[in-house]
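Inspection log for the structure reproduced underneath, given as structure tokens.
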Amino acid sequence: MSIESLTYAELGDRLGASPEAARSLARRLRLPRRPGNDGKVRITVDLAEIQYKPLPARPPGGHRTEIDGLNARVEQLEGELARLEVEKQCLEIRAAGHRVDFERERERCDTLVTEALKLGNLAMSAREKAARLEGEFSAASTRRRWWKWLAAPRVASPSRHSPVLVGVPVRI
């Protein structure tokens with residue numbers, strides 16, 4: 001348990017890491033720092049308490065294979081993006097065609113609804129006219145019978161078994 005005062009470069013050499021890694025570790029562990037006589041920062045540290053395992057160094061050519069793999073993936077994704085763009089345009093054209101069909105059918109439906117309303121109004125007025133005419137006819141037939149009864153000579157009433165009903169209005 002020996003406490004030593006080291007610079008970042010010396011700490012890095014002892015831990016088998018770069019001076020920047022030693023500086024980052026000192027900050028992370030909040031080790032006490034003070035300026036030295038030579039103008040360099042010294043860190044007070046107990047190396048037995050630090051449990052530091054440096055990451056294995058990467059080979060400089062290792063990045064190239066990763067970059068090549070990533071570039072190939074980017075090209076593959078760009079090709080897929082182009083294919084999806086073409087598919088999107090086809091779907092937009094198809095949707096525009098469906099939209100035209102929809103608009104045409106909506107206009108046709110509006111026309112049919114308008115015609116149905118007109119026919120409904122026409123049927124209602126025909127019913128009203130038929131009811132009015134039926135009322136006028138029954139009133140006229142009742143008046144006629146009443147005047148006939150006054151003006152006409154009395155005739156024997158029809159027998160009870162006669163198929164003709166007198167006084168019942170006839171509907172046509």
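The figures here come from the full heavy-atom set of this structure, side chains too, leaving out hydrogens, waters and symmetry mates. Since the model is a prediction, treat every value here as computed from it, not as a measurement.
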#### Entry: Worked verdict on E10 versus E4 for side-chain contact (heavy atoms from CB on, under 4.5 Å)
CA-CA 11 Å; E10 292 169 349; E4 298 181 45; over 6 Å; no
#### Entry: Test salt bridge (Lys or Arg N to Asp or Glu O under 4.0 Å) applied to E105 and R108, step by step
CA-CA 5 Å; E105 289 299 319; R108 198 172 128 225; 2.8 Å; yes
### Task
Before giving the answer on side-chain contact (heavy atoms from CB on, under 4.5 Å), spell out for L31 and L25 the whole-Å C-alpha distance, their side-chain angles and the decisive distance to 0.1 Å.
CA-CA 9 Å; L31 298 175; L25 179 67; 5.8 Å; no
### Message
Applying side-chain contact (heavy atoms from CB on, under 4.5 Å) to M124 and N121, what does each step give before you reach the verdict?
### Response
CA-CA 5 Å; M124 186 62 88; N121 289 338; 5.5 Å; no
### Query
After noting the C-alpha distance and the side-chain angles of V45 and L29, does the key distance pass the side-chain contact (heavy atoms from CB on, under 4.5 Å) rule?
CA-CA 10 Å; V45 62; L29 296 176; over 6 Å; no
### Task
Begin from the C-alpha positions of E103 and R106 and carry the test salt bridge (Lys or Arg N to Asp or Glu O under 4.0 Å) through to its verdict.
CA-CA 5 Å; E103 291 296 330; R106 189 175 74 179; 3.0 Å; yes
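Atom-to-atom distance recorded for S18:OG and Y8:OH is 12.5 Å, nearest 0.5 angstrom. Note that the CD1 atom of I93 and the NE2 atom of H98 stand 12.0 Å from one another [nearest 0.5 Å]. Atom CZ of R34 sits about 11.0 Å away from atom CD1 of I43, to the nearest 0.5 Å. To the nearest 0.5 Å, atoms CG (N71) and CZ (R73) are separated by 13.0 Å. Taking CD from E78 and CD from E85, the interatomic distance works out to 12.5 Å, rounded to the nearest 0.5 Å. Distance check, rounded to the nearest 0.5 Å: CG of L91 to CG of L84 gives 10.0 Å.
Taking each heavy atom of A22 and G12 in turn, the nearest pair found is CB-N, 3.6 Å.
Judged purely by atom type and a 3.5 angstrom limit, T114 uses its side chain to pair as donor or acceptor with the backbone of D110.
Electrostatic pairing of R132 and E128 does not count as a salt bridge here, judged by no charged N lying under 4.0 Å from a carboxylate O.
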